[in-house]
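Beneath this line is the structure, given in structure tokens, with notes to follow.
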Amino acid sequence: MVKGLFSPGMLPLISISSRTTLDTPTGSWRYMRPLYQDRTPPCQDGCPAGEKVQGYLDLAKKRKFNEAWRLIVEDNPLPAVMGRVCYHPCESACNRKDYDEAINIHAVERFLGDSALAQGLELEPASGGERGEHIAVVGSGPAGLSAAYQLARRGYPVTVFEALASPGGVLRAGIPPYRLPRPILDREIGRLQALGVEFRTGIRVGVDLRWEELQRYQAIFLAVGLSRTRPFPVEGARLKGFYSGLEFLRDFNQGHKVRVGARVAVIGGGNVAIDVARTARRLGAEEVSLISLEPKGELPAHPEELEQARREGIRLLDGRGVRRIQGRNSWVEALEVARVDFQGRDPVTGAVAFTFRKGKGMLIPVETVIAAIGQEADLSFLPQEIRGGGWLLPVDDHGRLRDTNIFAGGDVVTGPARAVDAIGAGKRAALAIHSYLQGVLLEEAKLPPVVPYERLNLAYFIPAKRAESRSLPIRERLAGFTEVESGLSQGMVRLEAERCMSCGVCNGCDNCWLFCPDLAISRKARERGAYVINYDYCKGCGICVEECPRTAMALEEEVQWRR
Amino acid sequence: MEKVILSSHAVAYAVKLCRAQVITAFPITPQTAIIEKLAEFCATGELRARFIKVESEHSGMAALIGASSAGSRTFTATSSQGLALMHEVLHWAAGARLPIVMVNGNRALGPPWNLGPEHTDSLSQRDTGWLQFYCESGQEAIDTVIQAYRVAEEVLLPVIVALDGYYLTHTTEPIDIPEEAVVDEYLPPYHPKHKLDVADPKAFGGFAGPELYMEFRYKMFQAMEEAQRVAAKADLDFRRLFGRGYGLVDPYRLEDAELALVAAGTLASTAREVVDARRGLGEKVGLLRIRLFRPFPRAEVRQALARVSKVAVIDRAISFGHEGIVSQELKAALYGGEHRPLIYGFVAGLGGRDVTPEDLEEALDRAGKEGPEEEVLWLGIRL
């Protein structure tokens, strides 16, 4: 035994430090530094309204349904409505779809919206106090409602002008009640009134109110959508029994008497055409044909809508055009349909390019023809110098008409788009108007990079089936306008929220804390953001970053060694 | 309480009686019935232990190293390739002085792929610093596991309790399951002097340079030497409380024997029958069963064979390039003694081939000749 190193008998049984390991600050070995750094989840990136989907799924998971709803209404004042009508691009973006199935986000949103309505939760103004500038919003569709809400909660007095008798725009005049029961829409709009938004309905600007009279407002937001039917350029369009889809839906949705024959042909391949066809089925039509220029797989309608239409017995005649409408005694009698070569559609104007193929067409006997071939903006109420010469309103990057206090958003700017695009447009316009009125620079909302599926650590996920809402049996559907989708129960919503992989956002899963070999990570509670890295001991091994299931951590060079 | 049960289940009962706190499990034939029974005990709550399903035997042992370092009583069972995979951490467990108890279901190593009983798997872990017991019966298995904890926790070294695959793991016999209260009296709770403790963080297994390393190893050597005395005492105490004991080696009719068979494990039961048969013919033969292989009970072995002139070792193992492993150990032990009988080293029963009474008769006949015909004698080889 070496003398002097230790006294005899002092050597322990095993090599063990005599004092705490905290005496050795191993952090000095580190040249890479782990840190918590949230990324953008793809759902949020995919949502045009910018809903913080991961955030509200996480809250729903913890039964904090009201907080979850508050998070949604930061970006969208109509969760119960949008949970029903939105075509949920968030779900198409969801990383989980590459693992098993996307999260049923829209069903969770709908549940949260309904739950808030059931409890009578009210929208709350953001802090900042009341402001003096009065703002006019023309049009009460999703863009107008969204902008009115975002402005009202920032303290601005807002007046919304609506040409129809009730507010809602396309949500009321377009979308049929089997997709959106009207009490839901009424109550979510009612909540905007409670927040202080003034609605003046039955006022068509340019007819009931002169354009000049809007000049007394400090800012104007134009969200008039696409309210005019595109003319159907085919012989026979003046016969009785021929309708435009927009008018058909508008009349029906306003409670006017609408009749269809036993055999109905709907012309068009978009979502409006499907709404028309499914409405016609419910009004008693026995045979409904959907005639689209686009071949199957290229129809602009959402695949889920197409599938529902198919299940309701609607026949799809794709890749076909209408040559003429045949009449007898001024009533529609039949439709001559022929195969076409479809060449494309202008996404803005909706103009289509196609040629009929050679050969004889097919004669389809029908009593009713409804053309849903697209809409266009009616800008006639605007002075020429404002509206310009195009189909749509010419605005700058912030939705402002050059050198004016007039802003515009929604379909009237983009051409036909989804309701959620309009919600996003309204939100952005409100921010632009706010910046304009306050004379401050508009801040670009810069989100961190999106987490792709490949960056997830899949070892930490277990396949789980997507919770699906039940849909009404076909026979019950066709008996009236009862809502088709039943939504999810609270239990199912929680299970569905549990499936969220929380891409790029720390949700307190404890993996980093568990794996750290130096015990350099501590946590105060199982709460988001509660982890602290003690850099005195972290050696920078990167295990925490590697084992983070969701890329909510990053490893950075401690010192930039190279210039 | 007496029950007719599998020896594998007997092992599980022993672990339950010893109140193991952490058990790791990775299935491998022929030990799987042990961890299955333990899983059942844990699931029903009969045994309040943390049962960890691991992704490999290496992880299984590594997890026990952690658990034992934190002061838990730990258990796992493995076999053959699984034990071989653990090899690296076996050294660590011993060097860290952790009283882990593990059962090995002895099984041949591949290739050729084989599931039959053979001792090469555990005997080749000879130098890892683990104690090794070889059992002959289910009763001995349950009792040895209980003794193993007692010895391990006193000398602070890990223990392998080896059971012949199938012959033992898969056979049933009436087994007396000891009373819980008596086991508690025999085996006090484990309270190590040093343990992982978040309230008192310390580094374990740190670096020791050449100026210190050898001393740690010397302490392990001393602990192994001490283990012979501790194991003998543990067996005596066990006999006092339960009325059964086995000794470190198990001599049979050796008092006046001229020729002794030496074997480990279940082979000894067959050897006993052959010894009785030859005794009936008036031949002076006996048997020495090796129960404790590490530490090797040199003194007991020398004493037991002090009067025989010939020894026939039946090894169910082979060290390629030399000979049967028990034979090798025996020779080394006897060389240091004063009496050096002639040793016939037989290799038999590899890969689970039956070693029949006829085989042992042949061994005795060949050992009757004037000196071994070769250095290593193979029994029943067919070429």
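Chain naming here is simple, since letters A, B, ... match the order of the sequence lines and numbering starts at 1 in each.
Within 6.0 Å of the OH atom in A:Tyr460, the count of heavy atoms belonging to other residues, nucleotides or ligands exceeds 12. Counting heavy atoms of neighbouring residues, nucleotides and ligands inside a 6.0 Å radius, atom CZ of A:Arg33 exceeds 12 of them. By the 6.0 Å contact criterion, CZ on A:Arg19 is open, its count of non-hydrogen atoms from other residues, nucleotides or ligands being 12 or less. Remark: B:Arg298 CZ is loosely packed, at most 12 non-hydrogen atoms of other residues, nucleotides or ligands lying under 6.0 Å away. Within a 6.0 Å radius of CE in B:Met214, other residues, nucleotides and ligands contribute 12 heavy atoms or fewer.
Taking 4.5 Å as the limit, some side-chain heavy atom of A:Ser15 sits within range of a side-chain heavy atom of B:Phe216.
Of the two parts of A:Ser18, only the backbone, made up of N, CA, C and O, holds a non-hydrogen atom closer than 4.5 Å to a non-hydrogen atom of chain B.
One finds the CD atom of B:Glu215 at 7.0 Å from the CG atom of A:Leu11 (value rounded to the nearest 0.5 Å). Taken from CG in A:Asp23 to NZ in B:Lys202, the straight-line distance is 10.0 Å, to the nearest 0.5 Å. To the nearest 0.5 Å, atoms OG (B:Ser69) and CD1 (A:Ile14) are separated by 7.0 Å.
Heavy-atom pairs under 4.5 Å with chain A were tallied for B:Ala96, B:Ala223, B:Pro201; the largest tally goes to B:Pro201.
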